[in-house]
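Everything below concerns the one structure shown next.
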Amino acid sequence: MSRARQLKHKRVIEIEPTAPFNFDTTFHKPDHFPTSDNAWEPGVRWQTMLWQGKCLGLKFENRGTIAQPCVRLSIWSKQKLNRALVDGLITEITFRYNLQLDLAEFNRRFRADPQLGPIIRKWRGMRTFSAGSLYEYLIIAIMLQNCTVRRSVNMMQALYEKYGAVLKFDARTFYCMWSPEEIDRATEQELRGLKVGYRAKSIQRVTAAFVVNGIDEIELRGKSREEQRNTLLELYGIGPQSVGYILFDVFHHWDAMDHISPWEQIIYSKLFFSRNAEKPVSADRLMRLFAKRFSGYRMLAVHYIWEDLFWKRQHAKIEWLEKLIRL
DNA sequence: CATCAGGGCCCTG
DNA sequence: CAGGGCCCTGAT
C-alpha cells in the first residue's frame, strides 16, 4: 500500500455555474457505488483527482442558491500549483460536472410531462458528472460487469489499496487514482490476486490502450458520438452496456441510449409501466416509449427519473428496488 | 455443505 | 446471432 501523502498547499476558488443549479443532486449520485476516493454530505463534496500527474484533494462547497449558484472549490496539493495548471483544472472540472450546461430547453420541453415535469421542478438544475477521467471510468465500468454492487466495491477498494495513493487533506483521508503507466506492468496473476477474476485481462488491455496506443480523451471529445462509440467498443472488455454509460456520463450525449440491460429493463418496466419484475416490458417497447416521449434527451430524461428514485431510497427503503440492486 | 446467478463481454459454432 | 464460459461472492 502506498504511503499517505499530506497535502499542505491549499487554494480556494469560486465558480459560478449557470442557473438554475442544484448542488447536491449534481455533486452526489446515490446510485453510484461508493468508492474511497470521495465523500459527500449535504452542501459538501470531497474527492481526490489525478490531474497532470499530480494527486489533488478537492472540496466543493455550496455557497449559493439554485437561482444564484456559487461553488467554492478548495484545492489541496503537495506542492504549490502554478496558474496555468489551476486554470486548466477549473476548465476540466467545469466540463466534468457540466457547470456551464444550459438546461433551458430541456426544462421547457418536459415541464408538462406528467412524470418528468414534477421531478424537474423538484431537482431543478441537476447535472450529471463523471468525476474522473475516461480511463478511470473505464476501470469502474469493468468493475461493474457481471457482479453485485458489494463485489464491485471490494474489487475497486483492492485496486486502490494496491495501486492508488493515499491522500490526506482537510482532516480526511482518501485514495487517489493511479495513472495507466503505474498499473501497466502488473501481471494478470498479480491482478487476479485482488480477486477481480477474469476482469484482470480487461484491466490490462484497457490500460495498454492508454499507455501504448495513447488514447487521447480530450481529442475524443471532439469526435462524433458514433466515432466515440466505435473507439470505445474496440477496447477489450468494453461492450455496449459500458459504452452506453460512458457516452452519457463522460461525453455528455444526453440522447445516448442504444442499449437497455436486463436489470435496467426491470427497473424501467416498474417506473414507466408499473410492471413487476416477473413481467417486465420488452427492451424494444421501452425504447419506443423513450423515443416518443424524450427524443433528443432520452438518457437525461431517464436519468432525472432514475435519480429521483435513488434519492427516495436514501430516506426510505423501496422493497421492489432492494431486491434488484442487491447491495 | 452445494448450487446458483449476478449492474457483461468475448469467443465459438 | 445464440449460448457457453468466465471469477468470486452472498443468497438460498
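Note on naming: letters A, B, ... go to the chains in the order of the sequence lines (proteins, then strands), and numbering restarts at 1 for each one.
With distances taken from any side-chain atom of A:Tyr245 to the nucleotides B:dG6, B:dC11, B:dG7, the minimum falls on B:dG7. Comparing C:dG10, B:dC9, B:dG7 against the side chain of A:Pro240 picks out B:dC9 as the nearest. Considering only the side chain of A:Tyr236, B:dC11 comes nearest among C:dG10, B:dC11, B:dG7.
Rounded to whole Å, the distance from CG on A:Asn154 to C1' on C:dC8 is 10 Å. Between the CG atom of A:Leu138 and the C1' atom of B:dC9 there is a distance of 14 Å, rounded to whole Å. Taking atom CE of A:Met155 as the reference point, atom C1' of C:dG10 lies 14 Å away to the nearest angstrom. In this entry the distance linking CG of A:Asn146 with C1' of C:dG4 reads 12 Å, nearest Å. Going from atom CD1 of A:Ile246 over to atom C1' of B:dG8 covers 13 Å, rounded to whole Å. In this structure, the CE atom of A:Met143 is 15 Å from the P atom of B:dG7, given to the nearest Å. What separates NE2 of A:His259 from C1' of C:dC1 is a distance of 14 Å, to the nearest Å. Note: CG (A:Leu144) to C1' (B:dC9) measures 13 Å, nearest angstrom.
Ionic pairing of A:Asp258 and A:Arg225 is present here: one or more N-O contacts between side-chain nitrogen and carboxylate oxygen are shorter than 4.0 angstrom. At a threshold of 4.0 Å, the pair A:Glu16-A:Arg72 does not count as salt-bridged, since none of the basic side-chain nitrogens sits closer than that to a carboxylate oxygen.
In the hydrophobic clustering of this structure, A:Trp46 does not group with A:Tyr97; members are Ile, Leu, Val, Met, Phe, Trp, Tyr whose side-chain heavy atoms approach within less than 4.5 Å, directly or through other members. By the rule that hydrophobic residues join a cluster once side-chain heavy atoms approach within less than 4.5 Å of another member, A:Tyr160 and A:Leu191 end up as members of one cluster.
Both distances falling under 3.5 Å, in either a Watson-Crick or a G-U wobble arrangement, occur for no nucleotide opposite B:dG7.
A heavy atom closer than 4.0 Å to some atom of DNA chain C occurs in A:Arg192, A:Lys195, A:Gly197, A:Tyr198, A:Arg199, these being the qualifying members of residues 184-216 of chain A.
Of the side-chain N and O atoms in A:Thr148, none sit less than 4.0 angstrom from OP1 or OP2 of B:dG7.
Taking every heavy atom of both residues into account, A:Leu85 and A:Trp51 meet most closely at O-NE1, 3.7 Å.
Geometrically, A:Lys270 engages A:Trp320 in a cation-pi contact, judged by NZ or CZ lying under 6.0 Å from the ring centre and within 45° of the ring axis.
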Apply the test ring-ring contact (aromatic ring centres under 6.0 Å, His included) to residues A:Trp311 and A:His28: give CA-CA distance (whole Å), side-chain angles for both, the deciding distance (0.1 Å), then the verdict. CA-CA 10 Å; A:Trp311 275 100; A:His28 177 64; 5.6 Å; yes
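Remark: the separation of the P atoms in B:dT12 and C:dC7 is 15 Å, to the nearest Å. Comparing C:dC1 with B:dG7, their P atoms are spaced 27 Å from each other, to the whole Å.
Contacts of A:Ile238 with the nucleic acid, taken as non-hydrogen atoms under 4.0 Å apart, involve only primed sugar atoms and P, OP1 or OP2.
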